[in-house]
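Heads up: the structure comes next, in structure tokens.
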Amino acid sequence: MEITKVKRVSLLLMFACLPSGQAQAKQTVRAPIKKTCDSGVILKLNSATTSQGSLLLAEISGVKPSQEFSAAWDGRSIPVWRETPASPTLHALLGVDLEKPAGHYEWKFSWTTADGKPLSCSLQVTVRAGKFPTERLTVEKQFVQPDPEQQKRVEEDQKKMKAIYDTITPEVLWKGKFVVPLKGVSTGGNFGRRRVLNGEARSPHAGIDFPAAAGTPVYAAQSGKVVLAENLYYSGNTVVIDHGFGIYTLYAHLSEISVQAGDPVEVSAEIGKVGATGRVTGPHLHWGLTIDHARVNALQIVQRQP
Ligand SMILES: [Zn+2]
């Protein structure tokens with residue numbers, strides 16, 4: 001078994017300067033890796049080193065449609081798919097949650113040979129700590145210390161979101177490329193920002209904020225099915241789209257929602273308008289990407305199409 005460094009590319013991720021934050025520049029060196037395993041199976045990853053909140057693209061070749069297979073990322077089973085039933089290559093996305101501790105993790109692929117023998121092969125991924133700024137905010141008391149009724153609502157919202165992310169639709173619902181959900185915008189900020197609200201540490205900021213005027217149309221980043229379109233306590237008017245295989249995008253703080261749960265949507269279809277609903281300091285679009293429960297930087301799915 002050998003690991004070959006295929007090529008070295010560098011990726012510069014720029015974050016825009018936002019009214020509430022500061023400019024952030026981060027450079028990550030990516031070294032794709034490839035491993036030749038038994039019975040002609042080849043595993044590829046776009047990088048063996050990554051950081052918290054990132055997305056890795058995995059490819060597997062040499063497995064016939066008739067063979068059984070499965071994949072696991074850090075011991076957890078993850079979906080693997082073919083773009084078309086006849087496609088020779090299998091794909092998977094490895095989401096590195098923005099709070100996943102730095103360390104070494106295994107991506108493992110298992111399959112059964114034509115004569116029924118179970119085999120497996122794995123690649124090691126190094127996760128580095130992300131460089132996230134800390135934001136100190138003072139907000140209205142009700143959003144830091146919700147009263148019992150509000151707390152009940154927050155818990156119901158969390159239950160709803162968990163049920164959504166626990167569901168993996170075993171189908172490719174996307175078509176073509178993922179796009180940024182606002183026209184003419186390519187950068188956003190605040191992803192991964194650690195937050196201290198009125199002196200109390202809170203969960204990190206899991207999405208990207210795009211400053212935009214209230215009423216600016218918001219578009220679906222990709223085709224899929226709307227699985228949530230309603231008002232939530234913290235994120236205000238919120239839309240969640242299921243793109244299949246555990247990939248979800250979330251759009252928050254909308255002033256208006258123009259879709260309903262259950263609706264199929266096409267990429268770039270209007271789903272609502274920018275607003276300032278929920279816990280916000282002003283109008284903007286909050287855009288989130290979740291891959292099998294991992295909260296990752298949504299701009300990476302635009303830069304590295306699955
Ligand atoms: Zn946000």
Side-chain angles (χ1 to χ4, degrees), residues 13-24 26 52-55 95 97-99 130-140 142-144 146 153-154 157-158 160-161 164-165 178-182 185-198 200-221 228-241 248-257 271-291 293-302:
L13 296 174
M14 292 298 296
F15 291 92
C17 185
L18 286 178
S20 63
Q22 67 216 50
Q24 183 195 42
K26 189 168 135 192
Q52 292 171 317
S54 295
L55 181 63
D97 186 76
L98 63 94
E99 289 189 285
K131 287 181 186 123
F132 304 116
T134 299
E135 175 186 46
R136 287 167 205 283
L137 271 183
T138 304
V139 298
E140 278 181 53
Q142 56 164 331
F143 288 116
V144 177
R153 236 196 112 190
V154 169
D157 292 350
Q158 286 169 342
K160 237 176 250 176
M161 294 306 296
I164 287 172
Y165 294 144
F178 278 76
V179 299
V180 174
L182 293 175
V185 172
S186 58
T187 56
N190 291 342
F191 177 75
R193 186 178 290 264
R194 271 43 183 168
R195 289 196 283 196
V196 181
L197 292 188
N198 298 1
E200 272 181 53
R202 288 304 168 111
S203 52
H205 185 260
I208 300 178
D209 290 335
F210 298 102
T216 305
V218 175
Y219 304 98
L228 182 133
E230 62 184 72
N231 186 275
L232 302 182
Y233 184 70
Y234 284 119
S235 55
N237 291 333
T238 307
V239 172
V240 179
I241 303 176
Y248 290 92
T249 51
L250 174 144
Y251 312 77
H253 312 306
L254 306 175
S255 59
E256 278 174 41
I257 296 177
I271 55 170
K273 298 205 190 299
V274 170
T277 54
R279 188 181 67 188
V280 288
T281 52
H284 69 279
L285 174 67
H286 171 108
W287 183 37
L289 170 66
T290 302
I291 309 268
H293 294 268
R295 299 158 296 168
V296 303
N297 185 330
L299 282 173
Q300 291 193 356
I301 208 161
V302 177

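When reading the values below, keep in mind they use all heavy atoms of this one structure, side chains included, and skip hydrogens, waters and symmetry mates. When a ligand or atom number is given, it counts from 1 through the structure's own listing order. As the structure is a prediction and not an experimental result, all values here were calculated from the model.
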Pairwise distance CG(D209) to NE2(H284) - rounded to 0.5 angstrom:
3.5 Å
Within a strict 4.5 Å, meaning less than it, do heavy atoms of the I208 and L285 side chains meet?
no
Shortest-distance N/O/S atom, H205 versus the Zn ion (ligand 1)
NE2
Take the angle between the ring planes of Y248 and Y165 and call it parallel below 30°, perpendicular above 60°, tilted in between.
perpendicular
Could you tell me whether the side chains of R195 and N190 share a donor-acceptor contact shorter than 3.5 Å?
no
Quick check: of its N, O or S atoms, which one does D209 have closest to the Zn ion (ligand 1)?
OD1
Please name the atom of H286, limited to N, O or S, that comes nearest to the Zn ion (ligand 1).
ND1
